[in-house]
Amino acid sequence: MTDPLTAVPLYRLGHSRSGDKGDTSNLSLIAWDPECYAVLAAQVTEARVADWFAYRRPVRVTRYLLPTLHAMNFVLEGVLDGGVNDALNLDAHGKSLSFHLLDMTVAVSPALAARLPDIAGDPPAPA
């Protein structure tokens with residue numbers, strides 16, 4: 001019998017960078033290591049990201065995999081209320097969207113969960 005999977009937030013498997021141009025947000029997701037990348041590539045899909053950001057009503061979400069870098073990039077179109085200069089909201093751009101992405105959960109094995117950092121910003125434990 002296999003151990004049940006454990007739900008963990010993405011920030012335990014990697015980190016994110018962000019940018020925006022006009023009404024488009026660009027969010028990267030960079031895994032701590034190859035094992036974390038395999039989980040992210042399998043579970044953090046265009047459909048899941050579109051659903052996660054549904055409250056922002058993205059027109060389209062496109063994922064670009066960068067396996068050599070253990071990273072992926074998401075381009076979310078139509079999520080910035082017209083862009084930084086046109087939006088009436090309080091900075092729902094860039095870093096705030098990347099932090100929101102990092103709150104999404106994925107299912108991992110108990111062994112992987114045990115070696116991941118517990119607090120955002122902590123370095124991962126050695127594999």
Is there side-chain contact between V106 and R48, with at least one heavy-atom pair below 4.5 Å? yes
Is there a side-chain contact between C36 and R115 (heavy atoms, below 4.5 Å)? yes
Hey, is the main chain of V75 close enough, under 3.5 Å, to the side chain of R63 for a donor-acceptor pair? no
What are the two closest heavy atoms between M72 and V44, and how far apart are they? SD-O, 4.0 Å
Spacing of CG belonging to L116 relative to CG belonging to D33, to within rounding of 0.5 Å: 8.0 Å
Side-chain donor/acceptor of R12 to backbone N/O of A113, under 3.5 Å: yes
Could you walk me through whether T24 and V79 pass the side-chain contact (heavy atoms from CB on, under 4.5 Å) check? CA-CA 6 Å; T24 301; V79 296; over 6 Å; no
Nearest heavy-atom contact between A31 and Y37 is CB-N, 3.4 Å
So, taking the atom named CG in L40 and the one named OG1 in T45, what distance separates them when rounded to the nearest 0.5 Å? 11.5 Å
For W52 and H100, test the side chains for any donor-to-acceptor distance below 3.5 angstrom and give the result as yes or no. yes
Minimum heavy-atom separation for S28 to S16, with atom names? O-OG, 2.5 Å
Say you draw a straight line from CD1 of I30 to CG of L69; how long is it, rounded to the nearest 0.5 Å? 9.0 Å
Going through the distances and angles, do R17 and L27 end up as a side-chain contact (heavy atoms from CB on, under 4.5 Å)? CA-CA 6 Å; R17 301 287 294 170; L27 305 174; over 6 Å; no
R60 and E77 ion-paired at < 4.0 Å: yes
So V61 and F74, do their side chains get closer than 4.5 Å, heavy atoms only? yes
Would you give the length of the straight line joining atom CG of L112 to atom CG of L13, rounded to the nearest 0.5 angstrom? 6.0 Å
CZ of F99 to CG of L10, rounded to nearest 0.5 Å, is 13.0 Å
Calculate, to the nearest 0.5 Å, the distance between atoms CG and CZ belonging to L76 and R57 respectively. 13.5 Å
Going through the checks in order, is the side-chain contact (heavy atoms from CB on, under 4.5 Å) test met by Y11 and D103? CA-CA 7 Å; Y11 67 78; D103 279 338; 4.2 Å; yes
Could you check whether W32 and H70 have their ring centres less than 6.0 Å apart? no
Taking a hydrophobic cluster as the set of Ile, Leu, Val, Met, Phe, Trp and Tyr residues connected by side-chain heavy atoms closer than 4.5 Å, whether directly or through intermediates, do L65 and M104 fall within one such cluster? yes
Under 3.5 Å, is there a donor-acceptor pair between the side chain of T105 and the main chain of A7? no
For residues T62 and N73, determine if any side-chain heavy atom of one lies less than 4.5 Å from a side-chain heavy atom of the other. no
